[in-house]
Amino acid sequence: MVQKTLGYQIGVKRIVAIPFLLVLFICLAIYTLVDLTQTVQYEIQQASKINYLLAQSTASNPNSVTTASIDTLLSEMPQYESIVFFPFDQQQHPTTHPIKVTEVFFERYYGLSEPVKINLLTFKPHQDNTKVEQLIGYSNITLDLQTIRQQWFWQHLPLVLVLSFIALFNLWFVLQKVQNLTHRLPKLENLSHHILQDEFLAAEAYKLPKSNEAWVFEKALVYLLNKHKAQIAQINTLRQEKNDLEETQIKQLEHNSKFENILIHEFKSSVSRIESGLQLLHNQYISAEQKDAVEIITLGKDDLNAKLDQIIQINRIDKGQTGVSAYQFSPTGLITQIVNDYQPLAAEKNITLTAKPYHADYVLEGDVQKITLIINSLLENAIKFTDKGSITITSQLQHLQTQVRWTLQIEDTGIGIAKEYLELIFEPFFQINPEVKHSSSTNSAGLFLVKKLLALMKGSITVTSEPDVGSNFQVSLLLKDWKHNYERNLLLNKHIVAWYHYEDLFETAKRMENAGAKVETFTSSELLEDYLLFHTVDALFISRNIDYQAMLDFVSKFRERENKARVTIICVYDTKALNPHTIELLKIAGVDYFVKKEVIDDTLDQYIKELSHILS
């Protein structure tokens, strides 16, 4: 964007000088028009009166008007060009018309005519004598308009000069004042350019005048800029200190992480040795007291092992090494399966375990493994602190535009939690009653880890409890509505076969199923070959872990036998396993597309969209 620059001198001329001069010129023009017109009309009126007197004098005494008197009048009145008497003639009828504005300014002469009439007596028999007017001629005065204009000009010239001098002096004074006000604006504009370009820190210091010429906003701007510069300097100092502190913290965290890894490894090794020793004791004949001691050691070992696993998972979440996957699942089916798994444990304590889903069977998308771990942990925690009564899992769904809010409640009739401990139960390894035995189940996590996993999935957990009455944990998760997910139709009605080793295409196969495809997986080339003989497929995925020679032989043989529609063969490769030469040989054998393993791992959703275009 181009910034406009103010032209202050041009602005002064346009805003002050030109309008002032224009108004002055218009005023002078109007004054000239009005006053000159009035002057000419006044001269016409005076000439008309003189002409009337001359006409009356001529009518009463034709010999009274002499040439000498007319010459005297013409010499004393230079604006009179001529005074002439016209005898009456039927062919001549001098007339006087009103003067026009154009005649006032541009014509040379203007004539005035006055009729000359005499009174005659008429004699009729048997009647009185009567007087009759008889026209004998016209008295005509010609005005010299140019002389009148010159007289007017020289008469008004001093006044015009004085007024013009006063006006120009005022204009000069106003311009000086305006320039005094605007002469600092170029400096302000230059500073504004630096501010807009974010270069005011590198610009020279703005100097205010020593006098009182500086405007208030100019002083305020300079004050704010100096204050901003000081703040920028403070921010840079703080930023540098923050970077130094972060570097120190990162180094400390790395050191702590290495120490934690070493410590966890050593603890795991010690637990493994304890477990090996306990297994040897189980194979020996020991007394009842020794069995109790072994059981206590076993519970301690399980408790330590569970805490070490929790520490490992917490470290992975804090370091960003744990992501959130998306799988389609049925919340009703998931709760039913979990309740069935924990029915034996609840039955051992004579606890009634029930599930109450207040919704129809539905399909959602979410990290079902982490959700299962959360539910298992809360359910096991409820069983652990409940000696009698019941545990109820309530499930509700709230349908939004393209997502579903899943609300779970795990309510028990256990020992409950006092209010002062409600916030502490989510602290790492917090226990209200250390005497309660830890379960040996490996399907649970501590409440602190549960909260961490929910935060990772942008969920929440709350708890209400009353001692000796029970507790109620409420979990809220916002999940994708698979029914409204457009990706479920990307590979609709597509039949895809995957040939893999070590389950490296398991995630890809699940996502293709979520996109609507029918996916069959094989690890044996013989079974895959038999399947392709009797089924029509759209695409064949070959894993990067398949041996190059086995892949080359299979593709060559398959293309030779292929007699139906051509199957799209896609090879997921690793640059370490395949080189350009082997890729070219596989293309010759019949492989259509090659996709890097990193593309599948990092942008699987995007690749499924590309795959839908390839197979369409």
Side-chain angles (χ1 to χ4, degrees), residues 306 309-339 341-342 355 357 359 361-381 393-410 426 441-462 473-488 490 503-516 519 600-608:
D309 290 336
Q310 292 178 20
I311 292 173
I312 293 172
Q313 294 187 56
I314 290 170
N315 284 338
R316 288 178 179 174
I317 293 174
D318 291 338
K319 294 176 183 178
Q321 297 174 350
T322 301
V324 179
S325 302
Y327 303 97
Q328 66 182 63
F329 70 96
S330 167
T332 305
L334 178 62
I335 295 173
T336 302
Q337 180 64 41
I338 292 174
V339 169
D341 292 341
Y342 279 90
H359 51 79
D361 197 10
Y362 213 74
V363 179
L364 302 178
E365 280 191 1
D367 198 328
V368 65
Q369 295 177 349
K370 292 182 177 61
I371 294 173
T372 303
L373 179 59
I374 291 169
I375 299 174
N376 286 340
S377 301
L378 294 175
L379 185 56
E380 186 170 328
N381 185 76
I393 301 178
T394 304
S395 175
Q396 293 179 326
L397 297 178
Q398 180 186 3
H399 296 269
L400 306 176
Q401 290 183 351
T402 58
Q403 293 180 309
V404 174
R405 185 179 300 281
W406 187 21
T407 303
L408 279 169
Q409 292 189 25
I410 293 90
F426 295 105
S441 174
T442 58
N443 297 326
S444 66
L447 293 179
F448 174 71
L449 183 56
V450 167
K451 192 171 184 178
K452 280 273 188 181
L453 292 173
L454 285 170
L456 186 66
M457 294 187 290
K458 300 186 184 329
S460 62
I461 182 171
T462 58
F473 286 84
Q474 301 93 29
V475 174
S476 178
L477 282 169
L478 197 61
L479 303 175
K480 288 184 178 180
D481 185 353
W482 185 81
K483 184 178 181 181
H484 293 89
N485 189 353
Y486 76 98
E487 292 184 0
R488 77 187 195 281
L490 288 175
E503 297 185 354
D504 59 314
L505 285 180
F506 178 78
E507 174 72 15
T508 305
K510 294 294 293 182
R511 291 309 307 273
M512 289 191 293
E513 285 183 350
N514 292 344
V519 182
I600 295 293
D601 293 342
D602 299 336
T603 59
L604 181 56
D605 292 342
Q606 183 64 32
Y607 182 73
I608 288 177

S.K.: Just how far is it from atom CG of L397 to atom CG of L364, taken to the nearest 0.5 Å?
M.R.: 6.0 Å
S.K.: Going through the distances and angles, do L400 and L478 end up as a side chain to side chain contact (heavy atoms under 4.5 Å, CB included)?
M.R.: CA-CA 10 Å; L400 306 176; L478 197 61; 3.6 Å; yes
S.K.: Do V450 and N381 make a side-chain contact, defined as non-hydrogen atoms from C-beta onward lying under 4.5 Å apart?
M.R.: no
S.K.: Might you work through the side-chain hydrogen bond (donor to acceptor under 3.5 Å, both in side chains) test for Q396 and T407, ending with a clear yes or no?
M.R.: CA-CA 5 Å; Q396 293 179 326; T407 303; 5.4 Å; no
S.K.: Evaluate the criterion side chain to side chain contact (heavy atoms under 4.5 Å, CB included) for residue pair L408 and I335; output intermediate values, then yes/no.
M.R.: CA-CA 10 Å; L408 279 169; I335 295 173; 3.6 Å; yes
S.K.: Going through the distances and angles, do N376 and Y342 end up as a side chain to side chain contact (heavy atoms under 4.5 Å, CB included)?
M.R.: CA-CA 9 Å; N376 286 340; Y342 279 90; 3.3 Å; yes
S.K.: Looking at CD of Q403 and CD of E365, how far apart are the two atoms once the value is rounded to the nearest 0.5 Å?
M.R.: 11.0 Å
S.K.: Going through the distances and angles, do T372 and Q337 end up as a side chain to side chain contact (heavy atoms under 4.5 Å, CB included)?
M.R.: CA-CA 10 Å; T372 303; Q337 180 64 41; over 6 Å; no
S.K.: What's the separation between atom OG in S395 and atom CG in L334, rounded to the nearest 0.5 Å?
M.R.: 9.0 Å
S.K.: Mind checking the CG-CD1 spacing from L479 to I371? Nearest 0.5 Å is all I need.
M.R.: 5.0 Å
S.K.: Are any non-hydrogen side-chain atoms of I374 and I461 less than 4.5 angstrom apart?
M.R.: no
S.K.: If I compare all heavy atoms of G366 with all of F329, which pair ends up nearest, and what's the gap?
M.R.: N-CE2, 3.8 Å
S.K.: Can you measure from CD (Q369) to CG (L453) and round to the nearest 0.5 angstrom?
M.R.: 11.5 Å
S.K.: Can you list the residues that meet the ring-ring contact (aromatic ring centres under 6.0 Å, His included) rule with H359, with sequence neighbours excluded?
M.R.: none
S.K.: For H399 and V404, work out which heavy atoms get closest and say how close.
M.R.: ND1-CG2, 3.8 Å
S.K.: Let me confirm one number: the CG-CG distance from L378 to L373, rounded to the nearest 0.5 Å.
M.R.: 9.5 Å
S.K.: Do you know which two heavy atoms are closest between L454 and S460, and how far apart they sit?
M.R.: CD1-O, 3.8 Å
